[in-house]
Amino acid sequence: MVFSSLPFLFRFLPAFLILYFISPTKLKNAVLFLASLIFYAWGEPIYVLLMLFSTIVDYVNGILVDLFLNKNNKPAAKAAVGLSVLINLSLLGFFKYSDFIVSNVNSLLDLSIPLPNVALPIGISFYTFHTMSYTIDIYRRQASVQRNIISFGAYVAMFPQLIAGPIVQYKQVSQELQSRSHTLDGFAAGVRRFMIGLGKKVLLANSIGALWNEISVLDASALPVGTAWLGAVAFALQIYFDFSGYSDMAIGLGSILGFRFPENFNHPYQSLSITEFWRRWHISLGSWFREYVYIPLGGNRMGIAKQLRNICIVWLLTGLWHGASWNFIAWGAYFGIILIAEKLFLLKLLDRLPKFVRSLYTLLLVLVSWAIFAFDDFSVGLSYVGAMFGAGDGVGNNYTLYILTSYGLLILIASIFGTDLPSRLAKRMASSEKHDGSAKVLPTAAECVAIAAVFLLSTAALVNASYNPFLYFRF
Amino acid sequence: MKKRSLLNGSKINPHSAAVTATFILLVAGCSAVSLFTPDKLLSETENRTLEQRPKLSAETLLSGEFTEKYELYMSDQFFLRDKWVALRNYSEIAMLKRELNGVYLADDGYLITRPEINVGIMEKNTDYILRFAEKCAADLGPEHVRVLIAPTAAEVLREKLPPFSEVYDQSSLLDSIAAALPDRVFCNVLPRLDEHSSEYIYYRTDHHWTTLGAYYAYTEYCDSIGIKPSNTEDFRQIVASDSFLGTLASKVNIAVRPDELRIFENMNASAEATAEYDMNPSTAGSSIYAMQALSTRDKYSFFLNGNRPIVDITAAADNGRTLMVIKDSYANCFVPFLTEHFERIIVIDLRYFNADTAAFAASEGVTDMLILYNAEGLSSDSSIVKLGRSL
């Protein structure tokens, strides 16, 4: 099930909220767990068992780790963690990467082993990362073991973050799993966040995605520069609003349920360097890799050579996490190289340049990176990048102008929403209230009207849509 | 029903209360209404049956069929569905879009399909038509065989399209088909339609040509086979309906100016043509027009009762000529003009007719053959391949 859909908004969500809020506190995790299973099974009636398997495996492993640590048997505890990591990565490797592995073995060794063609269970990249973080956090004594399998299950399967993140490390919610407060303010904040996410996904991402859909199927050798860049901008906007919108909805739902999920996006297109971009884009993934790969490998504390090696490893893995094909690895490597360059000398150079130049530098590199990301076939992606720099056909034609006039306004509005301008305006409106409460009416009314407008327009788009894909579905 | 614990008994923040209330009202309201609105079987606007409640069973759940169908079912049955679609389309227009769901919002209130060209299918269909026409020319003589590919509004009303929009050049398509056929077998109606492009020759809300547009094509066809066409003065134009909202109106669902559906009644008609539908003798003697269609949404079905496998028309002329028309729906308002010139007209729609058409034509004593399709249909039609049965 997807948040931005009629079954979720008008069947699952109301039923769940009613059940959740009438049930007593000690049953709330159970309700959350069961509802999340239904949510997941709605889209994956068979693979829900796989997720349950991963849950049970790490529930047991967590207990084992805790047991061994209490007996001061560090090697055994480490082995239990190793077992958890091994099982989870094997699951991930099999279900997500087996075709990739087999096809590469075939081309390397000139064989023709048939591709296993395993179906990819939704969310596997997310829930395996969640359960691994659990056992590691237990081992590091950063969280205490969860003996209640229902509560643990609730953490793994929690429907707000199950399908598309943010990647919530166990220690970030371990307290709240035990006891959290459900307040009106939390509910309202959650509503606000959820509606922002719904609007981003349905009204912005889906609409601009239609443009990318048109352009992406065109032959790159016939693509004028203008069209190629418009396409890259369209994809950049689509993937941002799609993914950050979904994260907003997840965080909003979490807030309604009394959880504080970590932020996942912070206006990344306002970044002034690639280093900054990756502190603002898919923040929870970067945190996970830093926490569980980069730092254990030594991070930057073992000399420059090891640091560069660690950066390379993390970025190849980051690329690979996004998908089982070479273009994603190339995409990860692309950023790894730029980040190393920035760390070594580029950032110092950039610091002396005006903000406008730094912003342009960042956006250019990011837009080109999306062209690599967008096409599974690396050679197609490369020819698209070529078209962006003139390898196609001319600068612009009638079609370029047609899409500019059809989508120009949408692109402008979407770009504005990509900055922090709207949120700063909203904050200023909200804080312009006097203590006697009299000036509160306008901002409150405005917000309710905005929420209703987003709600109605999104519902309209959903009723009309056969077009409602979620880009990160491959996870 | 939903409880919220207050933080240490402090006052309720009115801002939070308002936001929460708004959300709950919207979700609860739409959920309840959508749940309790009775299911509809048909959509008049969309002219199709609507998805019904899917069957719930272990099988359908495990295969994912239930959940997939349930989402379609909710969407199809959503209360006030047409109004929601309209709302979405109006918001697109507010964003300066000139195209909705594959339909251009052209000038002067015209809706024009944005043609989707599939070169592979188009070439395949064209090839079948060419070879079939050649076979018929061999059997009946080339003066008795005509191929008429009707250009669509996207071609003839090009200047009305939104700025910078580009559509496939149908004129060169027609020329290339003409060149591949024996001399004069191809009937090119584009120049004549271009001449009259400022007249009401295409519907504003439907993808067909108007009866007037079909008339001009008819005059070209007559010239091409050496018959004298009736003049416009020979006809009394009756407005069968002034509230025709066609296929394109359904796709966009916004307020548009309805079309006029006209009959050209030939005042010099020697006799009234009658039709037998689908080889069903009980329909013999019926009218070629379906009056009942005028009170439904799909008013274009008024002509020849819509698309039937076979319509056998006993026409007015007494010259022993039997015409077979293999066609798509563009021919439906074209064929009535031919009733004065042939003794019998057999209209075949390949979507529903499965026999060997050439053999059938021979067995029925067909003397003339007309293949009539619209240019956009060549890119999508999957039944023209059935002509292969005769080859």
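Since this is a predicted model, take the numbers as computed values, not measurements. Within every chain, numbering begins at 1; the chains are lettered A, B, ... in the order of the sequence lines, protein sequences first and strands thereafter. Below, each value reflects all heavy atoms present in this structure, side chains not excepted, and no hydrogens, waters or symmetry copies.
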A.B. asks: Between B:Ser16 and A:Ala188 (side chain of the first, backbone of the second, donor and acceptor by atom type, cut-off under 3.5 Å), is there such a pair?
C.D. replies: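 Checking the backbone N and O of A:Ala188 against the side chain of B:Ser16, no donor-acceptor pair under 3.5 Å is found.
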
A.B. asks: State whether the number of non-hydrogen atoms from other residues, nucleotides or ligands found under 6.0 Å of B:Tyr110 atom OH is greater than 12.
C.D. replies: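 Check passes, neighbour count above 12.
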
A.B. asks: Atom CZ of B:Phe78 and atom OG1 of A:Thr459: how far apart are they, to the nearest 0.5 Å?
C.D. replies: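 Those atoms lie 6.0 Å apart.
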
A.B. asks: I need the residue from B:Leu87, B:Leu35, B:Asn101 with the largest number of non-hydrogen atom pairs under 4.5 Å to chain A.
C.D. replies: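 Looking at each of B:Leu87, B:Leu35, B:Asn101 in turn, B:Leu35 comes out on top.
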
A.B. asks: So for A:Leu410, is it side chain, backbone, both, or neither that comes closer than 4.5 Å to the heavy atoms of chain B?
C.D. replies: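 Both parts, heavy atoms under 4.5 Å.
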
A.B. asks: Quick check on B:Ser165 against chain A: is it the side chain, the backbone, both or neither that has a heavy atom closer than 4.5 Å?
C.D. replies: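 Answer is both: backbone and side chain atoms of B:Ser165 are under 4.5 Å from chain A.
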
A.B. asks: Got more than 12 heavy atoms from elsewhere within 6.0 Å of CD, B:Glu159?
C.D. replies: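 It does: B:Glu159 CD has more than 12 such atoms within range.
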
A.B. asks: If I measure from the heavy atoms of chain B, does A:Leu456 come under 4.5 Å with its side chain, its backbone, both, or neither?
C.D. replies: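 Contact with chain B: backbone and side chain both.
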
A.B. asks: Does the side chain of A:Pro45 reach to within under 4.5 Å of the side chain of B:Phe66, using non-hydrogen atoms?
C.D. replies: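 No. Closest side-chain heavy atoms not under 4.5 Å.
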
A.B. asks: Could you pull out the closest heavy-atom pair between A:Phe10 and B:Val27, with the gap in Å?
C.D. replies: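 That closest heavy-atom pairing would be CD2-O, 4.0 Å.
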
A.B. asks: Give, as side chain, backbone, both or neither, the part of B:Ala17 having an atom under 4.5 angstrom from any heavy atom of chain A.
C.D. replies: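 Answer is both: backbone and side chain atoms of B:Ala17 are under 4.5 Å from chain A.
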
A.B. asks: Just how far is it from atom CG of B:Leu25 to atom CD1 of A:Ile451, taken to the nearest 0.5 Å?
C.D. replies: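 The CG atom of B:Leu25 sits 12.0 Å away from the CD1 atom of A:Ile451.
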
A.B. asks: Is the closest side-chain heavy-atom distance between A:Leu184 and B:Thr20 below 4.5 Å?
C.D. replies: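 Contact flag for A:Leu184/B:Thr20 side chains = yes.
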
A.B. asks: Where does B:Ser31 contact chain A at under 4.5 Å (heavy atoms): side chain, backbone, both or neither?
C.D. replies: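 B:Ser31 touches chain A through backbone and side-chain heavy atoms alike.
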
A.B. asks: Could you tell me the separation between the OH atom of B:Tyr73 and the CG atom of A:Leu6, rounded to the nearest 0.5 Å?
C.D. replies: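 That separation rounds to 12.5 Å.
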
A.B. asks: Which atoms of B:Leu80 are under 4.5 Å from chain A, going by heavy atoms: the side chain, the backbone, both sets, or neither?
C.D. replies: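 The answer is neither part of B:Leu80.
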
A.B. asks: Should we count NZ of B:Lys251 as having more than 12 external heavy atoms under 6.0 Å?
C.D. replies: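 Not buried by this count: 12 neighbours or fewer within 6.0 Å.
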
A.B. asks: May I ask you to check whether over 12 heavy atoms, not counting those of B:Lys160, lie within 6.0 Å of atom NZ?
C.D. replies: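 Yes, the 6.0 Å shell around NZ holds more than 12 heavy atoms from other groups.
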
A.B. asks: Using a cut-off of 6.0 Å, state whether more than 12 heavy atoms not belonging to B:Arg351 lie near its atom CZ.
C.D. replies: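 Counting neighbours around CZ of B:Arg351, more than 12 heavy atoms of other residues, nucleotides or ligands fall under 6.0 Å, so yes.
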
A.B. asks: Which atom names give the shortest non-hydrogen contact between A:Ser207 and B:Glu92, and what distance separates them?
C.D. replies: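 Taking every non-hydrogen atom into account, OG-OE2, 4.3 Å.
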
A.B. asks: How far apart are the C-alpha atoms of B:Glu166 and A:Asn397, what are their side-chain angles, what is the distance that settles it, and do they pass the side chain to side chain contact (heavy atoms under 4.5 Å, CB included) test?
C.D. replies: CA-CA 10 Å; B:Glu166 285 192 332; A:Asn397 55 17; 5.7 Å; no

A.B. asks: Do A:Leu404 and B:Phe164 pass the side chain to side chain contact (heavy atoms under 4.5 Å, CB included) test, and can you show the C-alpha distance, the side-chain angles, and the key distance before you say yes or no?
C.D. replies: CA-CA 10 Å; A:Leu404 203 54; B:Phe164 310 118; over 6 Å; no

A.B. asks: Under a 4.5 Å heavy-atom cutoff, which of B:Thr67, B:Leu61, B:Val19 has the most pairs with chain A?
C.D. replies: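 Of B:Thr67, B:Leu61, B:Val19, B:Thr67 has the most heavy-atom pairs under 4.5 Å with chain A.
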
A.B. asks: Begin with the C-alpha distance, continue with both residues' side-chain angles, and end with the deciding distance and a verdict on side chain to side chain contact (heavy atoms under 4.5 Å, CB included) for B:Thr22 and A:Val191.
C.D. replies: CA-CA 9 Å; B:Thr22 309; A:Val191 165; over 6 Å; no

A.B. asks: First locate atom CD1 of B:Ile12, then atom OG1 of A:Thr183, and finally report the distance between them rounded to the nearest 0.5 Å.
C.D. replies: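 Here the rounded value is 11.5 Å.
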
A.B. asks: Quick one: what part of A:Tyr20 sits under 4.5 Å from any heavy atom of chain B, side chain, backbone, both or neither?
C.D. replies: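 Neither part.
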
A.B. asks: Could you check A:Val463 against B:Arg88 for side chain to side chain contact (heavy atoms under 4.5 Å, CB included), going step by step and ending with a plain yes or no?
C.D. replies: CA-CA 9 Å; A:Val463 174; B:Arg88 177 265 181 181; over 6 Å; no

A.B. asks: For B:Glu71 and A:Ser5, work out which heavy atoms get closest and say how close.
C.D. replies: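 Nearest heavy atoms, B:Glu71 then A:Ser5: OE2-CB, 3.5 Å.
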
A.B. asks: Which one, B:Arg98, B:Glu68, B:Lys83, B:Met95, leads in non-hydrogen pairs under 4.5 Å with chain A?
C.D. replies: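 Among B:Arg98, B:Glu68, B:Lys83, B:Met95, the one with the most close pairs to chain A is B:Met95.
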
A.B. asks: Let's test your reading of the structure: which of B:Asn253, B:Val85, B:Asn89 forms the most heavy-atom pairs below 4.5 Å with chain A?
C.D. replies: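 The candidate making the most pairs under 4.5 Å is B:Val85.
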
A.B. asks: Specify which of A:Ile256, A:Ile46, A:Leu409 makes the most heavy-atom pairs with chain B at under 4.5 Å.
C.D. replies: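 Looking at each of A:Ile256, A:Ile46, A:Leu409 in turn, A:Leu409 comes out on top.
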
A.B. asks: Taking C-beta and beyond as the side chain, do B:Ser34 and A:Arg11 meet within less than 4.5 Å on heavy atoms?
C.D. replies: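 Side-chain contact under 4.5 Å: yes.
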
A.B. asks: Which bit of A:Met195 comes within less than 4.5 Å of chain B, counting heavy atoms only: side chain, backbone, both or neither?
C.D. replies: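 Interface part for A:Met195: side chain.
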
A.B. asks: Measuring from B:Cys30:SG to A:Leu9:CG, what's the distance to the nearest 0.5 Å?
C.D. replies: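 If I round to the nearest 0.5 Å, the distance is 9.0 Å.
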
A.B. asks: Counting only non-hydrogen atoms closer than 4.5 Å, does B:Asp76 touch chain A with its backbone (N, CA, C, O), its side chain (CB onward), both, or neither?
C.D. replies: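 Nothing of B:Asp76, per the 4.5 Å heavy-atom cut-off to chain A.
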
A.B. asks: Taking side chain as everything from C-beta outward and backbone as N, CA, C, O, which of these in B:Leu96 sits under 4.5 Å from a heavy atom of chain A? Side chain, backbone, both or neither.
C.D. replies: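 Both backbone and side chain.
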
